[in-house]
Amino acid sequence: MDFKTLISELIAEAAERPAEEIYSALEVPKAAMGDFAFPCFRLSKIFRKAPPAIAKERFEKLKKPAVIEKIDVVGGYINFFIDKTAFNKSVLEKILKEGKAYICSDEGKGKTVCIDYSSPNIAKPFHIGHLRSTVIGNSLYRIYSALGYDTVGINHLGDWGTQFGKLISAYKHWGDKKDVEEKGISELTRLYVLFHTKAEEAPELNDEAREYLVKMQNGDEEALSLWKWFVDISMREFQRVYDMLDISFDSYAGEAFYNDKMPAVVEEIKSKGILEESDGAQVVNLDEYKMPPCLILRRDGGTLYPTRDITAALYRKKTYNFSKCLYVTAVDQKLHFAQWFKVLELMGYDWAASELVHIPFGLVNLGTEGKLSTRTGHVVLMEDVLREAVEKTRAIIEEKNPDLEDKDEIAKEVGIGAVIFDDMFNGRIKNIAFDWNKILNFEGETGPYVQYTHARACSLLRKAEATAADTDIDYSLIADESSQALIKALGDLPAKVKEAAEKYEPYIISRQLIEICQSFNRFYRDNSVLGSEGDVKKARLALVYASKTAIKEGLYLLGIKAPERM
Ligand code: ARG
């Protein structure tokens, strides 16, 4: 049993209150005041007495279990001091014995979470804005999996819509097969941009594009095979990025997948009496909820982005019976999600309100360029950003550690890890100012710093020839302040993983990793590991081993590799 639960139960009995209530009220006081504190003012309403009086009456005679060193009643607080040896043993033994499983749990057993993330648009650049969705979604995927949930990663590709009519038209007028094959998305984007320029002078091009779209919808062979080709060309490029990031999905069912499923859903919306005409289009009025209407069918009968999302949600509910379905997109899609979540609710699906969750995130600012756009062609491609990160890291390694083996592989793990870590170091909603000097700094609060600390721990273990965890340890030998701080940071990680899942915030893990690494480096500065001997050395090495495990597994949850040498 962990200490917090033990203490909650102790107090619960004396206070005659449920242990869960006590558990959530327990505080972590300043170091000298103990390891846990219970504020008695919580009980003063119930007992109609001042907190100090309650503390005195109820808790002065608390029976002290062996693992608790001391219980102090100070004013309205009861402070608990945990026996250091017992604490060290409970934290470290769990890590040493369970390894990776120490941060896992089975709280999600039997429940399914669908995560819709990355979801780039076919024939459009995979830009740095998609990076955030991809890495945050992937991290949430790993976190929920670690907590025992069945997790379904869905890449809801933007593979249908008016842009394809335009693209087919542009390709037929000005495109060249070889160019598209060779240059891929950049050539498709060029054609798309060209279409918009030309259509300004020749508006009839728009009619032509619409006709191609209708052809696609009616199953015209030529139109569909061009569409399919654009999809394949784009996927090839997306896949290169996913490979670099080491990310894969359980489902690639994109928007087109729902084409044949939408008519029934539109019928259903109509039958619920909530579909109305507006300017020739079919919409669901949301005035009452202070939102603009949700567009279901265009004037020409074509379906729209919300129609596809509503259909996809119903399909996923039926197919996966999720307890949550998360949508990781930029904050500028907030209204879109609020609107169609509401439509599902109005259709009578109560689960929509509690089980569908939009996970918004802020923008990435690249100096003066501001928000990125495809129309104008000014985009920063994700592949280029990742390549540059690897190249810059390669140069740093060349300078700092030219004899390192596997330099290319390590530069990849560190460079890409640096970009991912930076993306998840703050709350999602905060905008990111992209800055190479900050991201790649080995001494800041960065991915390379965390990886470097891990590699340092690995190197210590190598030098000590300690390959496996040894649990036959005298835990009283690591009771000094900096060892204690490190052990505490290690012990807190599992709770942080849970919190990250509850709040959909991977940064809670990245911050804890920084805490662990800073504590590790302080521990290492204050205590000689290789220079110590006997049982002391053994205990310190166990702490190094546990730190290495925690950092590696924490990085894994963020989607970052942990090289053993750097
Ligand atoms: N393709 C969209 C975009 O790039 C994101 C899709 C997000 N997922 C969803 N189910 N709407 O903006």
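Remember, it's 1-based here, ligands and their atoms both numbered in the order they're listed. Note that the numbering runs from 1 along the sequence shown for the chain.
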Practice task
Measure the acute angle between the ring planes of Tyr327 and Phe341, then classify it against the limits of 30° and 60° as parallel, tilted or perpendicular.
Solution key: tilted
Practice task
Please verify whether a non-hydrogen atom of His130 lies at under 4.0 Å from ligand 1.
Solution key: yes
Problem - Proximity of Tyr117 to ligand 1 by residue part, where a heavy atom lies under 4.0 Å - result: neither
Practice task
Kindly indicate, with the supporting measurements, whether the criterion side-chain hydrogen bond (donor to acceptor under 3.5 Å, both in side chains) is fulfilled by Asn155 and Tyr242.
Solution key: CA-CA 11 Å; Asn155 196 337; Tyr242 294 137; 2.9 Å; yes
Problem - Nearest-neighbour protein heavy atom for atom 1 (N) of ligand 1, which is reported as residue plus atom name and distance - result: Asn121 OD1, 2.7 Å
Problem - Contact (N/O only, under 3.5 Å) between Glu255 and ligand 1 - result: no
Exercise for the section: Applying side-chain hydrogen bond (donor to acceptor under 3.5 Å, both in side chains), run through Tyr320 and Asp250 and close with a yes or a no. Expected result: CA-CA 12 Å; Tyr320 305 112; Asp250 301 304; over 6 Å; no
Fill in the blank from the handout: The ring-ring contact (aromatic ring centres under 6.0 Å, His included) partner of Tyr171 among Trp229, Trp227, Tyr212 is Trp229
Handout entry: Within 6.0 Å of CZ in Arg236, more than 12 heavy atoms from elsewhere
Key = yes
Exercise for the section: Decide if the gap between the ring center of Phe421 and the ring center of Tyr449 is smaller than 6.0 angstrom. Expected result: no
Exercise for the section: Would you check the N or O atoms of His336, main chain and side chain alike, for any that come under 3.5 Å of an N or O of ligand 1? Expected result: no
Problem - Nearest-neighbour protein heavy atom for atom 8 (N) of ligand 1, which is reported as residue plus atom name and distance - result: Asp116 OD1, 3.1 Å
Handout entry: Those atoms of ligand 1 less than 4.0 Å from some heavy atom in Tyr327
Key = 10 (N)
Completion exercise
One finds that the ligand 1 atoms under 4.0 Å from a non-hydrogen atom of Thr329 are 7 (C)
Problem - Nearest neighbour in protein (non-hydrogen) for atom 12 (O) of ligand 1 - result: Gln333 NE2, 2.8 Å
Practice task
Look only at interatomic distance and state if Asp309 has a nitrogen or oxygen under 3.5 Å from any nitrogen or oxygen of ligand 1.
Solution key: yes
Handout entry: Proximity of Phe164 and Phe230 rings by center, below 6.0 Å
Key = no
Exercise for the section: Tell me whether the centres of the aromatic rings in Phe257 and Tyr252 are closer together than 6.0 Å. Expected result: no
Exercise for the section: Say whether Tyr305 and ligand 1 are in contact under the criterion: heavy-atom distance to a ligand atom below 4.0 Å. Expected result: yes
